[in-house]
2 protein chains.
Amino acid sequence: MATESVPGTDPRVPLSRERVLRAAVKVADEGGIKSLTMRRLAEHLGAEAMSLYYHVANKEEVLDGIVDVIAGEINDVAGRIDVPSEGAGWKKAVRERILSAREVLLRHPWAPGVFETRTAMSPAVLRYHDALIGLMRDGGFSYDLAHQAMHALGSRALGFSQELFKPGDGAGAEKASAMFESMADQLPHLVGMMMEVAHDDPDSTLGWCDEQAEFEFGLDLVLDGLDRMRETA
Amino acid sequence: MATESVPGTDPRVPLSRERVLRAAVKVADEGGIKSLTMRRLAEHLGAEAMSLYYHVANKEEVLDGIVDVIAGEINDVAGRIDVPSEGAGWKKAVRERILSAREVLLRHPWAPGVFETRTAMSPAVLRYHDALIGLMRDGGFSYDLAHQAMHALGSRALGFSQELFKPGDGAGAEKASAMFESMADQLPHLVGMMMEVAHDDPDSTLGWCDEQAEFEFGLDLVLDGLDRMRETA
DNA sequence: GGCCGAGACTTACCTTGTAAGATCGAGTGC
DNA sequence: GCACTCGATCTTACAAGGTAAGTCTCGGCC
């Protein structure tokens, strides 16, 4: 096999932890997290699976790594925000920061699932949380209240929270909606709710939620509650 | 091989979807969700892996199934609650229901992770949500507000929400806390918060949270916000 | 007895993560 | 120029795991 400067493909770019992790994100973006296997990842890099193990200890470390990459991306976007966070400004600043996290995660739909499995201690995630707490401090929060606030926000702090029903893929969704219809009489409130709320987007049976609006509603509910506590403190 | 009535082991209890799913929960309870493989599950049932496929289509269906089993357990516990939900009582009723969900999930620590991956449409989960909405209706919620409320609660409605830092297993936790210390100067707020809040449980570096308290704090924050909206509606 | 079908078993294949060792190539000292 | 070293990559191989396909085994019924 002639190795000397193959013309078409890039000639021998060395691997590196950085390159491996960035490629992993790309693979997941293209084919979902299930498609991220060591072999496929290597293929994407023009290398063999085992070569990756020189740069990462194992697949777990790849997953830890891509969380850090994504969190870094979030920090980049959030870092460009420039709104005052002193006093009452804290709420807007926190809101913006969280919404930029969400914006990034919407570009990587597989990422929330990975974050959740990670028992996260990624440096970038730590920095993200630290900055959030900082904004609350600017708003006059005690550390104790900030601590409670972080828990109250939960996964919403990172820009996601479990959606109630995701339509999912074709076959499963079809069976699910059939099942739902057969149970309709046992679910009066759910059905009632759907009947009333399903006006704007009447084509899909279950995906009638404007997820962005729901997300912001929940976020604001929490932020408003915290703001009230902050004021009476 | 003599098949006729082996004395020690139970003599030929037939498999069934029910039995398979219940065994799956037990396996996950004992060894974590990673230990739930078709072969191990079969072994637990005194059968061969492939025999399970007569009762469930594939492993995905096992996972769907155990979500339903757990949700059924939640419904059983929640069904025994008997507090009035009319008018202002809604909040207590919802609170109790959610806390019993949490109680069940704490007995199955692997379950939240499975719920999250499920694109859930399990009958029992639907019934659970339906009942929650019903309680809100009793409290005078419009369907629209109830809908927003469900999203605001997010995964908290099911009795869990992502914990910020889980200590995890020994080796990982050790490396994580070393990394944390090396970054401490870049995380002033996080460190400040820990210093102040870490009084009650000073032995563990990171697991200083009373998770139950945090959970209830966030839950109440949301419920109180909703209650205010309900009254002004 | 012969048939049949539900339910369980056997075999075998493919994908995945990864351990162990071979190889390759750019420096480096001689 | 040549051997030696060592970081980086490739080869080979294996153990789990999910599951497709086919086989065996009864108990009930004609």
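Within every chain, numbering begins at 1; the chains are lettered A, B, ... in the order of the sequence lines, protein sequences first and strands thereafter. Note that the coordinates shown come from a computational prediction; the quantities given were computed from them, not determined experimentally.
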> Would you say A:Arg127's side chain and A:Asn75's backbone share a donor-acceptor pair under 3.5 angstrom?
Replying inline: no
| task | May I ask you to decide whether A:Glu216 forms a salt bridge with A:Arg95, counting only side-chain N to carboxylate O separations under 4.0 Å? | result | yes
Checklist entry - Do the charged groups of A:Glu103 and A:Arg107 touch, with an N to O distance under 4.0 Å? => result yes
Of the candidates C:dA8, C:dG17, D:dG18, the side chain of A:Tyr53 sits closest to C:dG17
A:Lys59 atom NZ is separated from C:dA19 atom P, nearest whole Å, by 15 Å
Q.
On the nucleotide C:dA6, are OP1 or OP2 found under 4.0 Å from the side-chain N or O atoms that B:His55 carries?
A. no
Whole-Å distance, A:Lys34 NZ to C:dG17 P, equals 12 Å
When rounded to whole Å, the CD to P distance for the pair B:Glu60 and D:dG17 reads 17 Å
Which of D:dT9, C:dT16, C:dG7 is nearest the side chain of B:Tyr54? It is C:dG7
Rounded to whole Å, CD of B:Glu43 lies from P of D:dG17 at a distance of 11 Å
Among the nucleotides D:dT11, D:dG18, C:dC9, whichever has the atom closest to the side chain of A:Met50 is D:dT11
**Request:** Give a yes/no on whether any side-chain N or O of A:Arg40 is located under 4.0 angstrom from OP1 or OP2 of C:dT15.
**Result:** no
Testing the 3.5 Å rule here: is there a donor-acceptor pair between the side chains of A:His55 and A:Glu18? no
| query | Hey, does the Lys NZ or Arg CZ of B:Arg102 hover above the aromatic six-ring of B:Phe215, less than 6.0 Å from the centre and inside 45° of the axis? | reply | yes
Whole-Å distance, A:Leu45 CG to D:dC10 P, equals 10 Å
Taken to the nearest whole Å, CG/B:Asn58 to P/D:dG18 is 11 Å
Atom CE of A:Met38 and atom P of D:dT9 are separated, to the nearest Å, by 13 Å
note: B:Arg39, atom CZ; C:dC13, atom C1'; distance rounded to Å ~ 11 Å
N or O in side chain of B:Ser51 less than 4.0 angstrom from C:dC9 OP1/OP2:
yes
